[in-house]
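Just so we're clear, the structure is a prediction, and the values are computed from it rather than from any experiment.
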Amino acid sequence: MSTRAALPDLSDDVCARLRDAFRRTGYDADGVVGALGSAHGALGRGEPELAYRATRDAGELGTLIRLFLLGSTEPEKDVEAAFAPLSLDDAVAATLLVPVADGYRAGLDVRPHGDDEGSWWVVADLDADILGRTVPEDHVLGVGHASLSLIRATSRREVGSLLDVGTGNGVQALHATRHAKKVTATDVSARALALAAATFRLNELDVELVRGEWFAPVARRRFDQIVCNPPFVVGPPRVDYTYRDSGLAGDDASALVVRQLPGFLNDGGTGQLLASWLHVKGEDWGDRVTRWLPAETDAWFVQRDIADPGLYVGTWLRDAGIDPRSPEGRAKSGAWLDWFDENDVQGIGFGFVTLRRADGATPTIVCEDLRQAYDDPLGAEAANWLDRVEWLRTNGDSLLDVRFRVPETVLLESVAEPGEEGWATTVQRLHRTDGPGWSHEVDELATRLLAGCQGALPLEDLIVLLAAAQGLEPEELAEAALPVVRELVRHGMLLPAV
């Protein structure tokens, strides 16, 4: 493993001149996409040649793209022109550039990152592919798939205060500045805090930064919202890389965050985090994660994937630039897989957790397996899920008085098979076409009841009419229907009429 590098020093003055250079050359999210065109997708697939070709005639913008995104060596005169008004000496002193025989290479990963409202720059360390070696222990990861998935899973409703635990390069805090009046970010790594500070200076953002483990830096403080992308890699209790390893055994890092996070929320405050959990022989994963929760906490656990232990170990070794076939790789793989075997681990679950502090209330706790593909960001759905949970908590005993409607995004699917008398319906399923694409199998009585949910009559009247048509007792039909209604409301497939 590589030794730790000196902390970068990207002062206000350096960041101001670098920002001027980026703005002058168009090195932002739109500029990069415009210069690369179709090669942008190829670059994301790890196929750089098209990007090299696309940037040949892109001038100073092309130089910056090749330096920071492709890891190439660029001639001194081209780099000097692209970085103006920041001098090469100052860029080298700040570790932004590294002089080599044929010119300069990037010393840090500085790349545009955007959303629907605009573009930022994120400062991180170069990954193993560009470095050409394994990364050091205090490596600060760039914006990867995990970061992007948490961004999409975070509610963006306006809040007064937000805490980003384990900020890393600062990307979660960047997005938080769109909807939070005050943002605080923490990390245990001095290098992460230095790069996050550079990210915030470069983007002219005021974010409070404090150093320490987990929630210790904000002891006795509370926030309206907390986001956390913890070091959630599961396995033996060791720290090879601070960005992914907690030093805690198994899934104890995720358990720690779930257990402690609600205590730092204001009443009604919410938290979103990425988490991993073990699938242990003879144990239900939902029971496992539910035991992590403190009292009076609403919780929605969404499992997005389950990894085979062997594939899991290989993936994380390659992530650090370690060849699983090398002696080092085999030794690490062996120790990791031995730990899984000793602890009866059959798989590693990964997903999102939404929490809400609900003082004085009976909590709602749901664990769902949502491994199907869907495009909608989960953040808005998580906020709406909490709204529906609160509505059910308030109105759950009087559902018969409510006028319901089925949203336009909900469809009824029928599956039929051929029989002696033609097609026979075997399955009827409600499917929500937005959000995470929930589906519920329903019987004929349920479909008829839902057909009447058009916002005109209360649920009780619909049940009485359906019971009379089917020769059933209304009380028995209501007893059977109410649990189904609650579940459909929780999933946004049946809503109170306004």
> Out of curiosity, Leu274 CG to Phe350 CZ, how far, rounded to the nearest 0.5 Å?
Replying inline: 4.5 Å
> side-chain contact (heavy atoms from CB on, under 4.5 Å) with Arg429: which residues, sequence neighbours excluded?
Replying inline: Glu413, Val415, Val427, Ser439, Glu441
> Do the rings of Phe301 and Trp292 sit parallel, tilted or perpendicular, given the 30° and 60° boundaries?
Replying inline: perpendicular
> Going by heavy atoms in the side chains, are Leu209 and Phe200 under 4.5 Å from each other?
Replying inline: yes
>> In terms of relative ring orientation, are Trp285 and Trp277 parallel, tilted or perpendicular, with 30° and 60° separating the classes?
In response: parallel
> Checking side chain to side chain donor-acceptor pair (under 3.5 Å) against His175, which of Arg152, His113, Glu117 comes through?
Replying inline: His113
> So with a 6.0 Å cut-off around CG of Asp397, is the heavy-atom count from everything else above 12?
Replying inline: no
>> Please check: side-chain N/O of Asn343 versus main-chain N/O of Val345, any donor-acceptor pairing under 3.5 Å?
In response: no
> Can you tell me how far the CZ atom of Arg178 sits from the CG atom of Asp115, to the nearest 0.5 Å?
Replying inline: 4.0 Å
> Sub-3.5 Å donor-acceptor pair from the side chain of Arg393 to the main-chain atoms of Thr362, do we have one?
Replying inline: yes
> Is it true that Arg356 and Glu390 have a side-chain N and a carboxylate O under 4.0 angstrom from each other?
Replying inline: yes
> With sequence neighbours left out, what residues match Asp109 under salt bridge (charged side-chain N to carboxylate O under 4.0 Å, His left out)?
Replying inline: Arg111
> What residues, two or more places apart in sequence or in another chain, satisfy ring pair (Phe, Tyr, Trp, His ring centres under 6.0 Å) together with His491?
Replying inline: Trp438, His440
